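Here the structure is a predicted model, which means the values were calculated and not measured.
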2 protein chains.
Amino acid sequence: MERERKRGHDPESVLAVAVRVFNERGYDGTSMEDLARALGVTKSAIYYHVPGKEQLLARALDRALDGLTALVVDERAASGPAIERLERVVRQSVRILVERLPYVTLLLRVRGNSATEQRALERRREFDAFVSHLVKEAAAEGSIRPDLDPALVTRLLFGAVNSITEWYRPGRGGSPGELADALVAMTFGGLRV
Amino acid sequence: MERERKRGHDPESVLAVAVRVFNERGYDGTSMEDLARALGVTKSAIYYHVPGKEQLLARALDRALDGLTALVVDERAASGPAIERLERVVRQSVRILVERLPYVTLLLRVRGNSATEQRALERRREFDAFVSHLVKEAAAEGSIRPDLDPALVTRLLFGAVNSITEWYRPGRGGSPGELADALVAMTFGGLRV
DNA sequence: TTGTCAACTGACCGAATGTTCGGTAAACAC
DNA sequence: GTGTTTACCGAACATTCGGTCAGTTGACAA
């Protein structure tokens with residue numbers, strides 16, 4: 001029998017708590033002692049469930065990146081006007097950001113301090129390159145204001161998208177769908193009446 | 001006589017190097033040993049010029065916040081349509097971000113881990129409140145699309161502005177003025193043709 | 001009743017951390 | 001030349017770090 005299994009942690013619950021604390025204090029600002037306190041166990045108990053601090057980070061970053069990679073794979077197979085594909089990518093990005101909020105939040109703060117972080121940055125750059133290319137396509141098709149540099153548009157557009165990790169809290173501020181609607185409305189159409 | 005003063009460091013040059021390294025590795029991810037290496041001196045030499053690591057952070061954050069505070073003071077005295085004042089605040093924000101890029105970059109990564117960081121977050125919140133109010137005014141005057149929540153507009157708008165610290169490098173990608181022009185064009189008017 | 005095993009604890013390790021301290025070489029002041 | 005100041009070094013400080021390991025506990029199976 002398996003059900004209920006008493007009380008206790010497993011690799012999944014440890015990861016969830018760890019990512020929450022990493023986001024509160026920053027990865028480097030979080031000690032294993034901090035994690036232990038948040039889990040209600042001693043430091044050594046953590047090592048029963050996971051191999052170490054850096055692997056905790058690696059698993060968290062993979063969760064974020066797997067979502068973004070899946071998006072790219074899906075969308076590479078799509079066709080139609082680039083501007084419409086771009087809008088879909090933005091909407092899907094918002095969805096993934098919200099669904100995997102703590103993991104993506106962590107990813108967006110990574111600086112490349114370790115091999116793990118550098119690997120994550122490389123995977124992230126693939127996503128950036130994909131989006132960047134898509135915006136250029138849309139510009140080449142004449143769907144983006146010609147006075148705006150496509151590279152700049154990409155950065156500002158995803159600056160707005162990524163800022164979601166800085167202020168969005170689930171349950172507040174509407175559903176992910178409404179959020180995506182508003183974001184697309186503002187970035188594509190402008191905030192001015 | 002004063003001129004040239006041989007070679008060597010002073011509190012100012014230590015701060016400049018420290019902030020650069022803080023931004024590369026993160027504040028918590030940077031050791032005094034790292035700073036010493038970047039300065040070409042030993043750890044102890046740093047303490048001759050500055051009182052410690054946290055004061056280095058405090059001074060850096062003050063540089064960023066003093067700029068933003070000055071902007072608020074200036075703009076509180078301004079009049080005219082809120083939408084025009086908002087556009088001016090955005091342009092000035094871009095200017096300050098670029099002028100004080102390393103300092104503002106550091107500020108935007110602060111999580112509140114120490115008393116120093118919490119004080120900085122409080123000052124930053126004053127700026128956010130000011131901008132938030134301004135967007136609401138503009139909405140009340142009918143200058144912002146009524147289907148967009150003003151609070152959301154504020155966050156996305158400054159999500160785009162603040163993203164500058166993530167990718168802008170001086171000398172590349174045009175002058176600060178052109179950057180502000182493009183940013184205002186896109187956020188106010190939309191990226192679509 | 002005994003044995004097994006998952007899930008821990010507590011004591012500990014070596015390394016790294018931020019900071020302090022005693023000393024010192026070179027430049028300057030007189 | 002003598003004393004003082006400036007800018008630093010090297011060693012040491014207490015503390016904290018990520019991580020290890022032998023042992024304990026309590027639920028459950030036989």
Got a list of protein N/O to nucleotides 18-22 of chain C N/O distances below 3.5 Å?
unit_1, atom_1, unit_2, atom_2, d
C:dG18, OP1, B:Thr30, O, 3.3
C:dG18, OP1, B:Lys53, NZ, 2.9
C:dG18, OP2, B:Met32, N, 2.7
C:dG18, N7, B:Lys43, NZ, 3.4
C:dT19, OP2, B:Tyr47, OH, 2.7
C:dT19, OP2, B:Lys53, N, 2.9
C:dT19, O5', B:Tyr47, OH, 3.3
C:dT19, O4, B:Lys43, NZ, 3.0

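- The side-chain tip of B:Lys53 points at the ring of B:Tyr27 from less than 6.0 angstrom away and within 45° of straight on.
- Residues that satisfy the salt bridge (Lys or Arg N to Asp or Glu O under 4.0 Å) test with A:Arg109, not counting sequence neighbours, are A:Glu166.
- Residue A:Asp34 contributes atom CG, which lies 8 Å from atom P of D:dG18 at whole-angstrom precision.
- Of the side-chain N and O atoms in A:His49, none sit less than 4.0 angstrom from OP1 or OP2 of C:dA6.
- The shortest distance between the side-chain N/O atoms of A:Tyr48 and the OP1/OP2 oxygens of C:dA7 is below 4.0 Å.
- At the heavy-atom level, B:Ala45 lies under 4.0 Å from the strands shown only through sugar-phosphate atoms.
- A:Tyr103 meets the ring pair (Phe, Tyr, Trp, His ring centres under 6.0 Å) test with no other residue; sequence neighbours excluded.
- Between B:Arg37 and B:Asp34 there is a salt bridge, with a side-chain nitrogen of the basic residue lying less than 4.0 Å from a carboxylate oxygen of the acidic one.
- In this structure, A:Asp10 atom CG and C:dC8 atom C1' are separated by 14 Å, rounded to whole Å.
- In the displayed structure, A:Arg111 atom CZ is contacted under 6.0 Å by more than 12 heavy atoms of other residues, nucleotides or ligands.
- Salt-bridge annotation for A:Arg95 and A:Glu99: present, with a side-chain N of the basic residue lying under 4.0 Å from a carboxylate O of the acidic one.
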